[in-house]
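Working notes, structure below.
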Amino acid sequence: MSPRPLAEGTKTVPQDELKRIAAYKAVEYVKSGMVLGLGTGSTANFAVARIGQLLKEGKLKDIIAVATSTRTAEQAVAAGIPLSGLDDHPLIDLSIDGADEVDPDLNLVKGRGGALLREKMVETASATFVVVVDETKLVDALGGSGLAMPVEVVQFCWKYNAERLKKLPELAGCEVKLRMEGDNPFVTDNSNYIIELYFKDPIKDAKAAANAISSIPGVVGHGLFLDMATHVIIASVDGVTVRSKHS
């Protein structure tokens with residue numbers, strides 16, 4: 001799909017505006033009567049706000065949403081979006097969320113906001129998963145940004161698991177750090193810790209790495225979202241591009 005111009009006569013667009021444009025494009029996939037998965041993070045916030053606005057205007061009706069974090073749930077309630085959970089709605093029509101990295105095959109790194117486990121649960125249950133990003137999130141291979149790839153672990157003996165992660169051959173050369181919030185460890189909505197992995201070079205085999213991470217007892221989730229996205233909406237200064245899984 002050819003990019004759609006964002007603005008005439010300018011190549012300077014704030015990153016938040018790019019996120020908003022991508023999120024609004026994603027909301028175009030939403031139809032009345034859907035069960036929606038609502039992602040977490042700055043880009044997803046724009047989508048949640050837009051869905052709430054369309055509900056208030058009567059342009060969307062009979063929407064039920066499943067939130068991927070307590071903060072998204074709070075925003076959805078404030079926006080007038082009815083909420084439910086996977087127990088009552090195990091089949092989700094459409095999820096919208098951001099991503100921290102997107103590779104050419106639409107594989108993702110997600111979860112730097114700390115909601116990776118719930119995001120993966122909801123988005124795995126979705127018939128369609130629309131990812132919204134700005135062009136800075138595009139990488140040639142996952143881990144290529146040099147920023148954190150999160151792994152959610154139980155608090156019990158987290159240092160032991162951090163060392164096990166560091167020693168996995170599939171993660172060779174990575175640096176491990178416990179995510180902090182001020183002077184204390186960051187605690188997820190599931191009462192777990194997050195160990196952040198930093199790569200000097202991109203991950204050579206993301207599927208092998210995902211399997212290796214998941215094999216460690218005490219790991220409850222990781223930020224490699226592979227073969228999950230159906231559409232990725234990318235906003236850049238030159239326009240909006242949609243990449244689809246089968247295109």
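Side chain of Lys245 to main chain of Asp227: a donor-acceptor pair is present (N/O by atom type, distance under 3.5 Å, no hydrogens or angles). A donor-acceptor pair under 3.5 Å is formed between the side chain of Gln155 and the backbone N or O of Ser191. Of the possible polar contacts, one joining the Asp100 side chain to the Gly111 backbone as a donor-acceptor pair under 3.5 Å is found. Judged purely by atom type and a 3.5 angstrom limit, Thr72 uses its side chain to pair as donor or acceptor with the backbone of Gly39. In this structure, the side chain of Ser215 engages the main chain of Ala212 through a donor-acceptor pair within 3.5 Å.
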Let's go through Thr43 and Val133 carefully: what are the C-alpha distance in whole Å and the side-chain angles of both, what is the deciding distance for side-chain contact (heavy atoms from CB on, under 4.5 Å) to 0.1 Å, and is it a yes or a no?
CA-CA 7 Å; Thr43 306; Val133 296; over 6 Å; no
What's the verdict on side-chain contact (heavy atoms from CB on, under 4.5 Å) for Met228 and Leu108, showing C-alpha distance, side-chain angles and the deciding distance?
CA-CA 8 Å; Met228 290 180 58; Leu108 317 170; 5.6 Å; no
Could you walk me through whether Val132 and Tyr24 pass side-chain contact (heavy atoms from CB on, under 4.5 Å), step by step?
CA-CA 9 Å; Val132 287; Tyr24 276 40; over 6 Å; no
For Ser69 and Asp189, run side-chain hydrogen bond (donor to acceptor under 3.5 Å, both in side chains): C-alpha distance rounded to whole Å, both residues' side-chain angles, the deciding distance at 0.1 Å, then the answer.
CA-CA 7 Å; Ser69 66; Asp189 288 344; 4.6 Å; no
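Rounding to the nearest 0.5 Å places CZ of Phe186 at 10.5 Å from CG of Asn192. A distance of 8.5 Å separates CD1 of Ile63 from CD1 of Ile81, quoted to the nearest 0.5 Å. Here Ile21 contributes atom CD1 and Asp16 contributes atom CG; the two are 11.0 Å apart, rounded to the nearest 0.5 Å. The CE atom of Met149 sits 11.0 Å away from atom CD1 of Ile195, with the distance rounded to the nearest 0.5 Å. The CG atom of Leu54 sits 10.0 Å away from the CD atom of Glu28 when rounded to the nearest 0.5 Å. Distance check: Glu170 CD to Asn211 CG gives 8.5 Å after rounding to the nearest 0.5 Å.
Cluster membership check: Ile194 does not share its hydrophobic cluster with Val154, using side-chain heavy-atom separations under 4.5 Å among Ile, Leu, Val, Met, Phe, Trp and Tyr. At a threshold of 4.5 Å between side-chain heavy atoms, the hydrophobic network of Ile, Leu, Val, Met, Phe, Trp and Tyr places Val151 and Leu168 in one connected group. Residues Trp158 and Ile216 share a hydrophobic cluster, clusters being chains of Ile/Leu/Val/Met/Phe/Trp/Tyr side chains in contact below 4.5 Å. If you chain together hydrophobic residues whose side chains sit under 4.5 Å apart, Phe129 and Leu138 fall into the same group. The cluster map of Ile, Leu, Val, Met, Phe, Trp and Tyr, joined by side-chain heavy atoms under 4.5 Å apart, puts Met34 and Leu60 in the same cluster.
Within a 6.0 Å sphere centred on CE of Met180, heavy atoms belonging to other residues, nucleotides or ligands number more than 12.
Under the side chain to side chain donor-acceptor pair (under 3.5 Å) criterion, Glu196 pairs with Arg179, Tyr198, sequence neighbours left out. Checked against side chain to side chain donor-acceptor pair (under 3.5 Å), Ser42 has the following partners two or more places apart in sequence or in another chain: Lys19.
Using modelled atom types, one finds a donor on one side chain and an acceptor on the other under 3.5 Å when comparing Thr136 with Asp134. Thr230 and Thr128 share no side-chain donor-acceptor pair at under 3.5 Å.
Side-chain contact between Val187 and Tyr193 is present, with at least one heavy-atom pair separated by less than 4.5 Å. At a threshold of 4.5 Å between non-hydrogen side-chain atoms, the residues Ile233 and Val240 count as touching. Between Met121 and Val66, the closest side-chain pair of non-hydrogen atoms is not below 4.5 Å. Contact annotation: the side chain of Val30 approaches that of Leu36 to within less than 4.5 Å [non-hydrogen atoms, C-beta and beyond]. The side-chain heavy atoms of Asn190 and Val220, taken from C-beta on, include no pair separated by under 4.5 Å. At least one side-chain heavy atom of Leu38 sits under 4.5 Å from a side-chain heavy atom of Ile51. Considering only heavy atoms from C-beta on, His89 comes within 4.5 Å of Ile64 through its side chain. Annotation: side chain of Val232 is not in contact with side chain of Lys137 (no heavy-atom distance under 4.5 Å).
In this structure, Val35 and Ile92 approach most closely via the heavy-atom pair O-CG2, 3.4 Å. In this structure, Gly144 and Pro202 approach most closely via the heavy-atom pair CA-CG, 4.0 Å. Across all their heavy atoms, Ala206 and Leu224 have their closest contact at O-CD1, 3.7 Å. The shortest heavy-atom contact between Leu226 and Asn107 is CA-OD1, 3.3 Å. Val131 approaches Ala99 most closely through the heavy-atom pair CG1-CB, 3.6 Å. Shortest non-hydrogen contact noted between Lys120 and Thr124 is O-OG1, 2.7 Å.
Checked for salt-bridge contact, Lys166 and Glu163 miss the test: no charged N lies under 4.0 Å from a carboxylate O. Remark: Glu74 does not engage Arg71 in a salt bridge, criterion side-chain N to carboxylate O under 4.0 Å.
For residues 103-116, the set of pairs meeting the salt bridge (Lys or Arg N to Asp or Glu O under 4.0 Å) definition, not counting sequence neighbours, comprises Asp97-Lys110, Glu101-Arg112, Lys110-Glu119.
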